Amino acid sequence: MILANGLITENGVPVDPFGGNPPFGGLAGANPLAYAHWGVPREPMPNLKDFTYYTTKALSDPVNNGIWVGSQRLVYGVHTNIVKPGLYLEGTYDKPIIISNTVVVPGDVVIKGYISGRGTLYVGGNLYIAGDLRYRNGPNFSTPPETMSAPQRDAWVENNKDRDLVAFAVRECILGGDVTSSEWQSYCYKAAGYGLRNVGSELNLGADGILHTGDDGIPFIHPDGTYSAWYDADEDGVMDGNYDYNSQLNMTPSRAPKIQGYPTNDSGTPLAYNQVASNNMNRLDGIFYTNHAAAMRLAKNDTVFNGVLVSRDEAIVFNRTLRINYDSRVHSRYNRDPNLLVDLGLPVAGLISLSDYTELPPEAETL
């Protein structure tokens with residue numbers, strides 16, 4: 001299903017749902033009138049500026065909340081290396097990365113290989129996906145559960161509720177592939193229109209907080225009485241500009257040493273990122289969330305994505321086809337039950353609350 005606050009477009013041209021040849025496949029491509037929706041209300045995105053709630057939750061049970069690679073334990077609830085607040089994780093089939101319950105890493109995370117467990121990893125910096133990331137004991141998505149009948153989908157969820165289900169909640173950006181390569185920069189950063197150097201600015205988003213909609217650049221009244229077109233989309237109190245490659249995205253010689261376990265040469269110098277990461281990838285399993293950008297160069301043909309990806313900005317470039325199989329286990333149908341059949345401790349948006357009110361007299365001739 002495709003949901004858009006504004007129009008659904010291809011290269012800036014609105015898609016005609018009656019045209020019979022939409023530029024996407026799957027259920028939405030077969031029936032865009034039923035599965036592609038325009039003018040959908042904006043949903044609040046959980047803000048990850050403050051990790052206090054998630055850190056407290058992670059430390060409430062450090063015995064069970066943590067990260068392992070094979071049998072080696074790396075984190076007890078919260079990664080506490082002040083000098084190296086980031087973490088490098090590489091899993092193999094025999095020694096997968098295991099993420100259990102709620103875990104917090106304050107810095108960047110570089111990850112690739114096999115993952116396992118059930119839980120959510122909160123990342124305080126960027127999540128660098130350096131290669132294919134796949135479940136060790138995941139469900140069978142050969143028949144996507146969202147194409148099943150409701151009883152069949154319920155059975156699929158029940159049968160897979162104990163299999164691998166890992167989420168990544170990222171404060172900054174989710175970056176797949178070799179971000180230092182000219183190919184990645186060309187496709188994901190410098191590309192006209194969607195490239196990250198052209199998006200991210202909150203200066204002229206307008207009242208709906210979404211770029212390329214009718215209220216772009218139109219000032220509106222803010223709760224503090226000010227009047228501007230700025231919309232604080234990530235709710236950090238800072239007027240963000242477009243993404244900056246060197247300071248926000250690139251794996252620099254100053255960033256890598258702050259990542260515990262990052263591969264080094266014989267003299268202890270961190271390896272160049274092109275020796276760690278590759279664009280030759282086409283498989284992602286997991287639940288991925290950021291209220292900033294998700295940018296990936298997936299150069300291997302026919303990418304398969306089993307899970308969910310939520311981001312504010314997106315620059316995902318793949319070869320030939322991209323198949324996204326939604327993981328029905330995270331749908332609200334299965335986590336509103338009092339027994340919480342599937343509970344990953346995912347990010348939560350603030351609930352609506354009353355902050356102030358004023359009683360106004362009735363207008364004349366309305367009584």
Side-chain angles (χ1 to χ4, degrees), residues 8-13 15 23-25 86 88 108-113 123 125-133 168 170-205 210-212 216 233-234 240-256 259 262-263 270-284 286 288 290-305 309-324:
I8 300 174
T9 66
E10 181 187 27
N11 297 324
V13 179
V15 172
F24 41 79
Y88 177 86
D108 298 319
V109 169
V110 178
I111 191 169
K112 64 181 177 180
V123 180
N126 291 330
L127 176 68
Y128 292 90
I129 304 175
D132 286 342
L133 193 64
F168 301 90
V170 183
R171 176 182 287 161
E172 298 302 332
C173 296
I174 299 173
L175 306 169
D178 176 11
V179 298
T180 66
S181 69
S182 59
E183 180 183 10
W184 193 98
Q185 294 176 58
S186 176
Y187 280 110
C188 299
Y189 184 70
K190 297 178 181 179
Y194 71 87
L196 295 192
R197 74 174 178 181
N198 305 306
V199 300
S201 174
E202 300 172 332
L203 182 61
N204 292 302
L205 292 179
I210 301 174
L211 188 63
H212 300 315
D216 286 4
D234 59 3
D240 295 326
N242 290 343
Y243 295 97
D244 180 78
Y245 177 73
N246 287 318
S247 64
Q248 294 179 273
L249 310 174
N250 192 18
M251 180 58 71
T252 63
S254 61
R255 186 186 288 266
I259 300 173
Y262 187 93
L271 297 178
Y273 195 57
N274 62 7
Q275 295 181 257
V276 174
S278 171
N279 296 325
N280 190 35
M281 51 186 291
N282 69 349
R283 175 68 177 267
L284 290 169
F288 299 88
T290 174
N291 58 2
H292 289 103
M296 306 178 190
R297 176 61 182 122
L298 309 172
K300 193 174 181 179
N301 286 345
D302 303 324
T303 293
V304 176
F305 196 135
L309 173 64
V310 179
S311 68
R312 181 162 66 92
D313 299 306
E314 175 266 321
I316 298 174
V317 182
F318 53 91
N319 275 14
R320 206 157 66 181
T321 64
L322 169 64
R323 181 182 180 89
I324 301 176

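Model, not experiment: these values are computed from the prediction. Below, all heavy atoms of this structure are taken into account, side chains as well, without hydrogens, waters or symmetry copies.
Atoms OH and CD, on Y128 and E172 in that order, are 9.5 Å from each other to the nearest 0.5 Å. Note that the CG atom of N274 and the OG atom of S181 stand 8.5 Å from one another [nearest 0.5 Å]. To the nearest 0.5 Å, atom CG of residue N301 and atom CG of residue L322 are 12.5 Å apart. Rounded to the nearest 0.5 Å, atoms CZ (R197) and CG (L249) are 12.5 Å apart. Atom CE of residue M281 and atom CE of residue M296 lie 7.0 Å apart, to the nearest 0.5 angstrom.
Residues N282 and D132 form a side-chain contact, since some pair of their non-hydrogen atoms from C-beta on lies under 4.5 Å apart. Between N250 and T180 there is a side-chain heavy-atom pair separated by less than 4.5 Å. Contact of the N319 side chain with the R297 side chain is registered, since non-hydrogen atoms from C-beta on lie closer than 4.5 Å. With a 4.5 Å cut-off on side-chain heavy atoms, F168 and L133 count as touching. With contacts defined as side-chain heavy-atom distances shorter than 4.5 Å, the pair L309/I316 qualifies. The closest side-chain heavy-atom distance from V110 to M251 is below 4.5 Å.
In this structure, R283 places its CZ atom where more than 12 heavy-atom neighbours from other residues, nucleotides or ligands lie under 6.0 Å away.
Listed by chain and residue number, L271, A272 satisfy the side-chain contact (heavy atoms from CB on, under 4.5 Å) test with Q275 (two or more places apart in sequence, or in another chain).
Across all non-hydrogen atoms, the minimal contact from A294 to T290 is N-CG2, 4.4 Å. The minimum heavy-atom distance linking Y194 with A315 is given by the pair CD1-CB, 3.8 Å. The two residues A277 and G177 make their nearest non-hydrogen contact at CB-O, 3.9 Å. Between G200 and D313, the shortest heavy-atom distance links the atoms CA-OD2, 3.8 Å.
Y273 and R255 share no donor-acceptor pair across their side chains, judged by distance under 3.5 Å alone. A donor and an acceptor atom, one from each side chain of N279 and Y187, are nowhere located under 3.5 Å apart. The closest side-chain donor-acceptor pair between D178 and S278, if any, does not fall under 3.5 angstrom.
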Practice task
Go through V276 and Y262 one step at a time and tell me if the side-chain contact (heavy atoms from CB on, under 4.5 Å) criterion holds.
Solution key: CA-CA 9 Å; V276 174; Y262 187 93; 3.7 Å; yes

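With hydrogens and angles disregarded, no donor-acceptor distance shorter than 3.5 Å links the side chain of D240 to the backbone of E202. The main-chain N or O of R171 is found under 3.5 Å from a side-chain atom of H292 such that the two form a donor-acceptor pair. With hydrogens and angles disregarded, a donor-acceptor distance shorter than 3.5 Å links the side chain of N198 to the backbone of A191.
Ring planes of W184 and Y245: tilted class, angle from 30 to 60°.
Two rings, from F288 and F305, have their centers less than 6.0 Å apart.
Under the side-chain contact (heavy atoms from CB on, under 4.5 Å) rule, I129 has a single partner from V109, I174, L175, which is I174.
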